[in-house]
There are 2 protein chains.
Amino acid sequence: MARQNEGNPRTSDKTIGRLSLYRRLLNVLQGEGHRHVFSHQLAGIAGCTAAQVRRDLMAVGYSGSPIHGYEVVRLIESIREFLDAPGGQGVALVGVGNLGKAILAYFTGRRPNLRIVAAFDNDAHKVNRVIHGCHCHAMADLPQVVKKLGIRLAIITVPANAAQEVAEGLSRVGVRGLLNFAPVRLRVPPNVYVEDIDMTMSLEKVAYFARLAGAEKEGKP
Amino acid sequence: MARQNEGNPRTSDKTIGRLSLYRRLLNVLQGEGHRHVFSHQLAGIAGCTAAQVRRDLMAVGYSGSPIHGYEVVRLIESIREFLDAPGGQGVALVGVGNLGKAILAYFTGRRPNLRIVAAFDNDAHKVNRVIHGCHCHAMADLPQVVKKLGIRLAIITVPANAAQEVAEGLSRVGVRGLLNFAPVRLRVPPNVYVEDIDMTMSLEKVAYFARLAGAEKEGKP
DNA sequence: TACTGTTTGTGAAAACATTCACAGCGTGAG
DNA sequence: CTCACGCTGTGAATGTTTTCACAAACAGTA
Ligand SMILES: NC(=O)c1ccc[n+]([C@@H]2O[C@H](COP(=O)([O-])OP(=O)(O)OC[C@H]3O[C@@H](n4cnc5c(N)ncnc54)[C@H](O)[C@@H]3O)[C@@H](O)[C@H]2O)c1
Ligand SMILES: NC(=O)c1ccc[n+]([C@@H]2O[C@H](COP(=O)([O-])OP(=O)(O)OC[C@H]3O[C@@H](n4cnc5c(N)ncnc54)[C@H](O)[C@@H]3O)[C@@H](O)[C@H]2O)c1
């Protein structure tokens with residue numbers, strides 16, 4: 001089936017994000033009973049242009065038909081093949097505080113491909129308890145648990161001043177991708193990918209552009 | 001002082017985000033007693049290039065000295081003038097669930113310029129209670145509370161199927177900026193700015209690029 | 001004074017991302 | 001059958017963001 005193009009110009013960050021979005025939208029469409037979808041329909045619900053959708057889909061190597069558009073099931077499958085690791089990947093969460101707990105609650109029993117399989121904290125009150133269906137380990141056990149479960153991805157929700165240290169510990173035991181919520185720029189080896197979610201920054205962006213939209217002209221840039 | 005350039009080519013999204021980041025880093029530097037900073041130093045801790053920093057700073061209209069670099073205090077002040085609304089802005093949070101509570105806990109008593117001044121939920125158990133220092137109102141009171149407090153920004157942390165309705169309600173009563181955590185593309189009037197934080201998408205991005213970094217070469221693109 | 005070393009601000013180039021626009025194709029109408 | 005239609009996939013054009021590279025400024029040094 002869908003052959004992911006090989007010696008290609010590295011698929012961009014933005015495209016990967018949108019593929020993830022398309023997949024979610026396609027799942028909704030599938031649930032509503034749609035068998036086929038056209039690029040302009042997907043674009044409409046994704047909030048981008050039809051050309052953008054088609055360009056992004058080039059990366060996954062599944063071609064639609066000019067007559068029926070894309071077959072929903074097959075497109076979902078092709079995106080899955082392109083994005084997901086075969087067999088799924090376990091994720092660790094470090095820092096079971098307010099945010100960490102919310103994330104555990106949210107991801108528990110959700111996407112079967114990416115599931116949080118272990119939590120870690122240095123607070124004795126949390127260690128060895130099951131929180132939202134996930135066992136919380138002591139930090140000292142991190143190396144062995146990560147190795148045992150073959151974990152290569154982690155979510156960091158510890159306070160800012162602990163994040164660098166945690167990131168280093170994770171990198172050292174073979175974790176290759178970090179989703180970081182701490183408002184700190186992590187320094188990691190070049191073979192570790194870091195994605196930051198910085199709520200304060202996002203909120204300030206909203207404040208700035210909302211002010212522009214109110215005071216000057218209008219619209220989202 | 002620092003004159004924000006006026007008839008300028010609309011400052012980009014990305015630049016605004018980085019200015020917010022620079023400001024936070026500068027506050028740390030100031031706390032450590034630094035008086036001056038060079039673009040390459042700021043770049044080092046921000047994780048970008050010196051040229052990028054200088055280019056971004058052009059937007060705020062504060063010039064550094066080739067000898068001492070940028071004066072930390074004055075640069076913070078210039079960024080503040082450029083980004084922030086004078087007098088600060090109140091923010092509403094709608095949906096006091098797991099994530100909403102974590103966010104309330106985090107932002108309470110934090111940045112004085114952007115503070116959460118009201119929370120809303122439709123769950124009778126939460127209405128009229130004070131949660132992490134913030135009063136939770138009924139949804140029915142949203143219009144009057146928003147008007148009374150002059151709220152123009154909101155954070156949406158309701159379930160996906162309620163998000164569109166909530167966004168419309170907020171737009172209708174004059175809110176101009178939304179920070180949306182629900183995994184849904186909101187349709188709002190063109191004078192409302194929406195910023196999405198989509199954790200699932202971010203995590204899938206991490207998974208994809210971590211896999212590349214592991215399997216192929218290395219490094220964060 | 002003249003020279004060195006360092007940094008800023010910014011035009012110009014390069015890299016990257018999005019959109020345009022159209023050939024090609026299969027379908028269904030006539 | 002022939003034609004017109006509407007869509008895909010993609011080369012080329014356009015738009016945006018980042019990086020390069022250098023003139024200008026000036027403290028320190030001798
Ligand atoms: N809560 C939010 O909405 C929010 C918003 C933006 C950013 N953040 C960031 O997310 C992070 C977590 O926020 P939070 O509100 O959940 O904080 P929190 O204090 O509620 O939770 C932090 C958790 O990390 C644990 N921890 C502390 N040091 C540790 C270490 N060295 N190793 C392992 N665990 C450790 C603590 O025991 C605690 O359980 C912070 O960096 C914060 O800046 C949170
Ligand atoms: N928790 C997470 O880590 C996480 C991660 C990614 C995305 N999200 C998204 O964030 C949103 C909130 O997640 P959560 O885990 O806090 O969910 P939650 O169920 O814990 O909280 C939702 C809250 O919204 C309230 N609510 C429901 N319908 C409402 C309405 N019409 N008007 C006002 N309030 C209403 C509920 O009473 C509840 O308090 C969801 O859209 C979820 O998809 C959450």
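In what follows, chains are A, B, ... by sequence order, proteins preceding strands, each numbered from 1.
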Go nucleotide by nucleotide along DNA chain D from the 5' end; which of L57(A) and I67(A) gets its closest nucleotide reached first? I67(A)

Taking only side-chain N and O atoms of R18(A), does any of them lie within less than 4.0 angstrom of OP1 or OP2 on dA17(C)? no

If only side-chain N and O atoms of S63(B) are considered, is one of them under 4.0 Å from the OP1 or OP2 phosphate oxygen of dT8(C)? no

In whole angstrom, give the distance that lies between atom NZ of K14(B) and atom P of dT17(D). 6 Å

From NE2 of H36(A) across to P of dT27(C) the rounded distance in Å is 12 Å

Is there a side-chain polar atom (N or O) of S39(B) under 4.0 Å from OP1 or OP2 of dT8(C)? yes

Between dG9(D) and R54(A), is there an OP1 or OP2 to side-chain N/O distance shorter than 4.0 Å? no

Do side-chain atoms of R115(B) reach the backbone of P112(B) as a donor and acceptor pair under 3.5 angstrom? yes

Nearest to the side chain of Q52(B) - dT10(C), dT18(D), dC25(C)? dT18(D)

Remember a base hit wins even if backbone is also touched, and classify S65(A) as base, sugar-phosphate or nothing at under 4.0 Å, heavy atoms. sugar-phosphate

Looking at dG11(C), dT8(C), dT8(D), which one has an atom nearest to any side-chain atom of R55(B)? dG11(C)

Using 4.0 Å as the upper bound for N to carboxylate O, is an ion pair formed by D198(A) and R24(B)? yes

Nearest nucleotide by nearest heavy atom, which residue falls closer to the 5' end of DNA chain C, C48(A) or G64(B)? G64(B)

Does a salt bridge link E77(A) with R74(A), judged by any charged N lying under 4.0 Å from a carboxylate O? no

With no hydrogens and no angle check, is any side-chain donor or acceptor of R18(A) less than 3.5 Å from a backbone partner on C48(A)? no

For the pair made of CE in M58(A) and C1' in dT19(C), what is the distance, rounded to whole Å? 14 Å

Please confirm whether the shortest side-chain N or O distance from H40(B) to OP1 or OP2 of dT7(C) is below 4.0 Å. yes

